[in-house]
J.: 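Please read through the structure below; I'll follow up with questions.
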Amino acid sequence: MCGITGWVSYDRDIRGEAATLDAMTETMSCRGPDDRGTWISGPVGLGHRRLAIIDLPGGRQPMEVQTPQGPLAVVYSGETYNFTELRRELTGRGHRFTTESDTEVVLHGYLEWGEAVAERLNGMYAFAVWDGRSQKLVMIRDRMGIKPFYYYPTPDGVLFGSEPKAILANPLARARVGLDGLRELFAFVKTPGHAFWEGMHEVEPGTIVTVDHSGLRRHVYWSLETRPHPDDRDASIARVRELLEDIVERQLVSDVPRCTLLSGGLDSSAMTALAARKLAASGETVRSFAVDFVGQAENFVADELRTTPDTPFVHDVASASGTDHRDIVLDSNALADPAVRAKMITARDMPMGFGDMDASLYLLFRAIREQSTVALSGESADEVFGGYLQFFDEEARNADMFPWLVRFARHFGDDADVLRPELSTALNLPSFLADSYADAVSGIARLTGESDFEYRMRKICHLHLTRFVRVLLDRKDRASMAVGLEVRVPFCDHRLVEYVYNAPWSLKSFDGREKSLLREATADVLPKSVYDRVKSPYPSTQDPKYAIALQEHAKDLLANPSHPVFELVDRARVRRAAEREVPQITQASRRGLERTLDLALWLDLYTPELILS
C-alpha cells in the first residue's frame, strides 16, 4: 500500500520541476512511511511513497523496465492478490523478474497485455504507467474503487495523485470549491468521477484514463452487470462459502504483521473466524481489534439504529475463534479533540462531518498500527448481501430516492439545516438529489421476467454498490492510510460482488432476515449470539461529555464572528445548538455542531477559494 503522484507536461521538461514533484510526493508520506522515490524522464515525473507489505527489500518504486522503443515506468498503490499466478503465466511467456513484488508483476503484465492487464487483476489498486514507447500515461483503478485515484487536467497534460493534496501541492492546481463540491458534502451520495475540488476528477472505479499528445480518454473495463443467477439456495450458499475461503486466504498474504477488525457483527465475525481457521492450519493465531468507548457497554441505551452494544459479541467471537484480541477503549476527550478532527480532515481533504465516528476510526487505526501493518475489514458486506435497515424499510424501498437518505432524514434530520438559508437555496439539494438518483438508476438492466419488486430491490442493491459503498471505502482508506495501516476488504472481491448482486432478493433474504446468504455460508464458524444478532451500525459514543465538548468548541468559534465558516453556516443556528441543555441536544443538532466544526477546521487548514454563486 502506498501513495502515488505524478505530472505529465508535454510542453516542458519536468527535470526542471523536481522540487515541485518532491513536494507533491511528500504529501503522501503518511500513506508510505517506509520509503520514497521519484522518476523523471522528459515530460513526465512520477512520485511514490511506500508502505512495504510484500518483498520488503525488493519492491521499491517507481519501477522501470527498458524496451528498445523506450522505457516503461510505474507507480502503484494497493495489492494484487493473484500476482503469483500472473507471475507464473508471464514467466512462461518469457518475462524475467528481479523482485518478488506484485508491482513488478503488474508492470510486466502491462508490457505483455497493455491496458488489458486491468482485466486480469484481482485486488485493490490504483496505478499509473508511463509508456515511453508512445509517450502516454495510463491510469488504472480497481473495479470497486477501493483505492483512491485523482487527476487534474492541465493545458498541456495532467497532474495525478492518490489524494487531492498531492495535486494541490502543484502550483498549476487551484484550491477552489464551488456549489457542486458542497453538494457532495451534504448529499451523502458519491457522484462517479466527482472530486469535490474544482477542476479535479477521480479515476472512476473499473476505469482506465489515458493521456497523450492528443488529449485525455476514458475506457470502462468493468461495471456491475445484470445477469441470470442459475443456482438454487444450497448451491448459492456453497458458492459464497467457496469464494470467501479463497478470498480470505489470498488476502492474508503479507510479509508484515496482520490482523482483523472485529465489531461483533456478522460481517467482521465471519471474516475473522475464517481468517483464524486459515492461520491456525499453519500454527498461527490471528490478532483482532475492536473499538469501544469508556462506559459504553455498562451504560448502553438502545435506539432505532443500535439495539445492542458491540463488546459482548466481540468477546464471543474472540473466544470462539481463539484470537489474540484487544479492545481499543476511547474516551470523549480524545473523540472531541480538535487535533484528532484536524487529522481526519487532512486525511480526507474535505470536511465530511462524520464527527466521533471519524475520530474513533482514526484513533482505532492509530492504535492498531503500533502492532500490525495490515488489517482485514468486514466493510462492504452490508452493501453486497443486503444488510442495512433500509433494505427492509417499506418507505425507503418505495421512495424514488437513495434509500439510505430516507432513513438518515428520519434519524438525524437534515444536517444541511446548519447552512445559511441563501446557501441552502443556491445548493438546491432536493433537485440535485433527484437528478442524481435518476442518473444512478437509468442504466440498471432488468432481467426478462423479473418482477417489479425484484427489480426494485435490484436497483437498491445496485445503488448501494455504486453510490453508497464508495463513500465508506474512501473513509476507510483515508483513515487507515493516515497512520500507515493497510486495510483490506475481502467482501469487495469483484467475483463475490458479481455473484451475490445477481442473486434475487428472495434468495438474499430467504429467512426473512438481512444477509441470509452470508449468515448460512458461515454459520458453522459463528457463535450463536452473533448468528442471531440483528444488524448494528458502526458504533457512536453515547457519552454526554462528548456533546458538551462539541458545544464548548462551538462557543470558541462563535467568539470569532469574522471566521470564514460563517460564510457557509448560520451563526444563529450554531449558537442555539451550542447553548442547549445536554438532554435537549438532538442527533440533528449534534451533527450540525460536528459539521460546523469540521468546516471551520477545513477552512483553516486549506484556505480554499469558495465559489458560492
J.: Establish, yes or no, whether a centroid distance under 6.0 Å links the rings of Phe196 and Trp602.
T.: yes

J.: Salt bridge check, Asp349 against Lys165: does any charged N sit closer than 4.0 Å to a carboxylate O?
T.: yes

J.: Compute the ring centroids of His464 and Trp404, then answer whether they are less than 6.0 Å apart.
T.: yes

J.: With sequence neighbours left out, what residues match Ser377 under side chain to side chain donor-acceptor pair (under 3.5 Å)?
T.: Lys476

J.: Tell me whether the centres of the aromatic rings in Phe188 and Phe468 are closer together than 6.0 Å.
T.: yes

J.: Evaluate the criterion side chain to side chain donor-acceptor pair (under 3.5 Å) for residue pair Ser540 and Arg590; output intermediate values, then yes/no.
T.: CA-CA 12 Å; Ser540 178; Arg590 173 173 142 172; 2.9 Å; yes

J.: Shortest non-hydrogen contact from His201 to Pro153?
T.: CD2-CD, 3.7 Å

J.: Applying side chain to side chain donor-acceptor pair (under 3.5 Å), can you list everything that pairs with Tyr362, at least two apart in sequence or on another chain?
T.: none

J.: Can Glu115 and Lys136 be counted as an ion pair, charged N to O under 4.0 angstrom?
T.: yes

J.: Among Lys343, Arg475, Arg595, Arg341, exactly one meets salt bridge (charged side-chain N to carboxylate O under 4.0 Å, His left out) together with Asp358. Which residue is that?
T.: Arg475

J.: Could you label the plane-to-plane angle of the Trp130 and Tyr10 rings as parallel, tilted or perpendicular, counting under 30° as parallel and over 60° as perpendicular?
T.: tilted

J.: Below 4.0 angstrom, N of the basic side chain to O of the carboxylate: do Asp477 and Arg31 qualify?
T.: yes

J.: Between Glu64 and Trp39, does the side chain to side chain donor-acceptor pair (under 3.5 Å) criterion hold? Intermediate values first, please.
T.: CA-CA 9 Å; Glu64 178 186 12; Trp39 183 90; 3.2 Å; yes

J.: Which atom pair, heavy atoms only, marks the closest approach of Asp474 to Pro148?
T.: OD1-CB, 4.1 Å

